[in-house]
Student: 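Take this structure, written in structure tokens, and hold onto it; I'll ask about it next.
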Amino acid sequence: DTAVSQTPKYLVTQMGNDKSIKCEQNLGHDTMYWYKQDSKKFLKIMFSYNNKELIINETVPNRFSPKSPDKAHLNLHINSLELGDSAVYFCASSQRGNGYTFGSGTRLTVV
Amino acid sequence: GENVEQHPSTLSVQEGDSAVIKCTYSDSASNYFPWYKQELGKGPQLIIDIRSNVGEKKDQRIAVTLNKTAKHFSLHITETQPEDSAVYFCAAFGQGAGTALIFGKGTTLSVSS
């Protein structure tokens with residue numbers, strides 16, 4: 001199946017831990033993104049990668065770091081997790097100028 | 001940067017009625033306007049989109065209109081069905097490198113039978 005897949009689907013962890021979320025797309029798209037969806041459903045752009053180059057970095061704490069080994073993968077690493085990091089994180093991909101295809105999300109809960 | 005406002009935040013209709021969701025954008029350079037549907041526990045899915053060189057686009061029961069002068073665009077769903085119940089997001093995309101889709105805050109549509 002052609003899709004954007006992200007793992008894990010659920011992640012429960014304690015404050016202060018470091019965790020990673022993985023994302024892979026097999027659509028041949030040239031750009032990948034990470035969005036954060038808060039409890040009010042607001043979707044906010046965090047990062048995007050185009051041809052392995054970071055082209056957007058919004059006002060996101062530097063505890064968050066995207067890592068892209070190749071154009072089909074964009075992983076999100078989070079250091080020193082805080083309670084406020086609890087949210088659903090969505091990976092997406094697109095071919096520049098066209099609509100995004102989203103993954104099914106990772107629900108992160110920090111306790 | 002781009003700012004997208006979406007109204008209403010919640011919308012309840014009877015099955016068979018029409019539903020309209022409206023959005024405004026701030027950046028006159030934006031040229032691509034998609035709409036997404038998000039069902040519970042799933043990622044947003046693209047349902048229809050429109051580019052700035054087109055005023056209206058229709059796909060079965062769903063239509064989108066764009067008024068570039070007023071910087072408004074709207075989603076119209078006719079003959080609503082219970083399976084249309086979901087959160088709908090509008091978005092806008094500008095030109096140039098370093099841009100990404102900016103989303104409205106979403107509309108929760110409830111269709112009751």
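Chain A is the first sequence line, chain B the second, and so forth, proteins listed ahead of strands; every chain is numbered from 1.
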Student: In Å and rounded to the nearest 0.5 Å, what is the CZ to NZ distance from Phe103(B) to Lys41(A)?
Tutor: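 Between atom CZ of Phe103(B) and atom NZ of Lys41(A) there are 13.5 Å.
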
Student: Ala100(B) and Tyr33(A): which non-hydrogen atoms are nearest, and at how many Å?
Tutor: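 For Ala100(B) and Tyr33(A), the tightest heavy-atom pair comes out as CB-CE2, 4.1 Å.
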
Student: So does Lys22(A) have more than 12 non-hydrogen atoms from other groups sitting under 6.0 Å from NZ?
Tutor: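 No, not enclosed.
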
Student: Could you check if a side-chain atom of Lys42(B) sits within less than 4.5 angstrom of a side-chain atom of Phe102(A), using non-hydrogen atoms only?
Tutor: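 Lys42(B) vs Phe102(A): side chains apart.
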
Student: What part of Ile45(A) is in contact with chain B, defined as an atom under 4.5 angstrom from a non-hydrogen atom: side chain, backbone, both or neither?
Tutor: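 Side chain only.
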
Student: Let me confirm one number: the OH-CG distance from Tyr36(B) to Leu43(A), rounded to the nearest 0.5 Å.
Tutor: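 Spacing of OH (Tyr36(B)) from CG (Leu43(A)) equals 10.0 Å.
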
Student: How long is the gap from OG on Ser9(B) to NZ on Lys40(A), to the nearest 0.5 Å?
Tutor: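 Answer for the OG-NZ pair, Ser9(B) versus Lys40(A), is 11.0 Å.
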
Student: For each of Pro44(B), Gly41(B), Pro34(B), tally heavy-atom pairs with chain A at distances under 4.5 Å, and name the one with the top tally.
Tutor: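 If we count pairs closer than 4.5 Å to chain A, Pro44(B) comes out on top.
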
Student: Grouping I, L, V, M, F, W and Y whenever their side-chain heavy atoms are under 4.5 Å apart, do Val88(A) and Leu40(B) come out in a common cluster?
Tutor: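 Hydrophobic grouping puts Val88(A) apart from Leu40(B).
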
Student: Just wondering, are more than 12 heavy atoms of other shown residues or ligands nearer than 6.0 Å to CG in Asn62(A)?
Tutor: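 No, because the 6.0 Å sphere around CG of Asn62(A) holds 12 heavy atoms or fewer from other groups.
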
Student: Which heavy atom of Leu101(B) sits nearest to which heavy atom of Tyr35(A), and what is that distance?
Tutor: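 Looks like O-OH, 2.6 Å.
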
Student: State, to 0.1 Å, how close Phe90(A) and Gln38(B) come at their nearest heavy-atom pair, and which atoms those are.
Tutor: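 Distance-wise, the nearest heavy atoms are CZ-NE2, 3.3 Å.
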
Student: Can you name the nearest heavy-atom pair linking Lys105(B) to Phe42(A), along with the distance?
Tutor: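 Smallest interatomic distance, heavy atoms only, reads CG-CD1, 3.8 Å.
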
Student: Is the number of heavy atoms from other residues, nucleotides or ligands within 6.0 Å of CD (Gln14(A)) greater than 12?
Tutor: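 Atom CD in Gln14(A) is not crowded, with 12 or fewer foreign heavy atoms closer than 6.0 Å.
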
Student: Using 0.5 Å steps for rounding, measure from the NZ atom of Lys44(A) to the CD1 atom of Ile102(B).
Tutor: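 Rounded to the nearest 0.5 Å, the NZ-CD1 separation comes to 10.0 Å.
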
Student: Is Leu27(A) reachable from Met32(A) through a run of I, L, V, M, F, W or Y residues, each pair having side-chain heavy atoms under 4.5 Å apart?
Tutor: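 No: no chain of side-chain contacts under 4.5 Å links Met32(A) to Leu27(A).
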
Student: Kindly check if the number of other-residue, nucleotide or ligand heavy atoms within 6.0 Å of CD (Glu79(B)) is above 12?
Tutor: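 Counting neighbours around CD of Glu79(B), 12 or fewer heavy atoms of other residues, nucleotides or ligands fall under 6.0 Å, so no.
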
Student: Less than 4.5 Å apart, any side-chain heavy atom of Phe93(B) and any of Tyr100(A)?
Tutor: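 Phe93(B) reaches Tyr100(A) side chain to side chain.
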
Student: Are Tyr89(A) and Val4(A) connected into the same hydrophobic cluster when the rule is that any two of I, L, V, M, F, W, Y join if their side-chain heavy atoms are below 4.5 Å apart?
Tutor: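 Result: no, two separate clusters.
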
Student: Report yes or no: do Trp35(B) and Val13(B) belong to one cluster of Ile/Leu/Val/Met/Phe/Trp/Tyr joined by side chain heavy-atom distances under 4.5 Å?
Tutor: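 Yes, Trp35(B) and Val13(B) fall within the same hydrophobic cluster.
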
Student: Could you look at Gln6(A) and say if it's the side chain, the backbone, both or neither that has a heavy atom under 4.5 Å from chain B?
Tutor: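 Answer is neither: Gln6(A) stays 4.5 Å or more from chain B.
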
Student: Kindly work out whether a path of hydrophobic side-chain contacts (I/L/V/M/F/W/Y, heavy atoms less than 4.5 Å apart) joins Ile78(A) to Tyr10(A).
Tutor: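 As far as the 4.5 Å side-chain criterion goes, Tyr10(A) and Ile78(A) are not connected within one cluster.
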
Student: Between Tyr32(B) (side chain only) and Gly99(A) (backbone N and O only), is there a donor and an acceptor less than 3.5 Å apart?
Tutor: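 Looks like yes, one N/O pair under 3.5 Å.
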
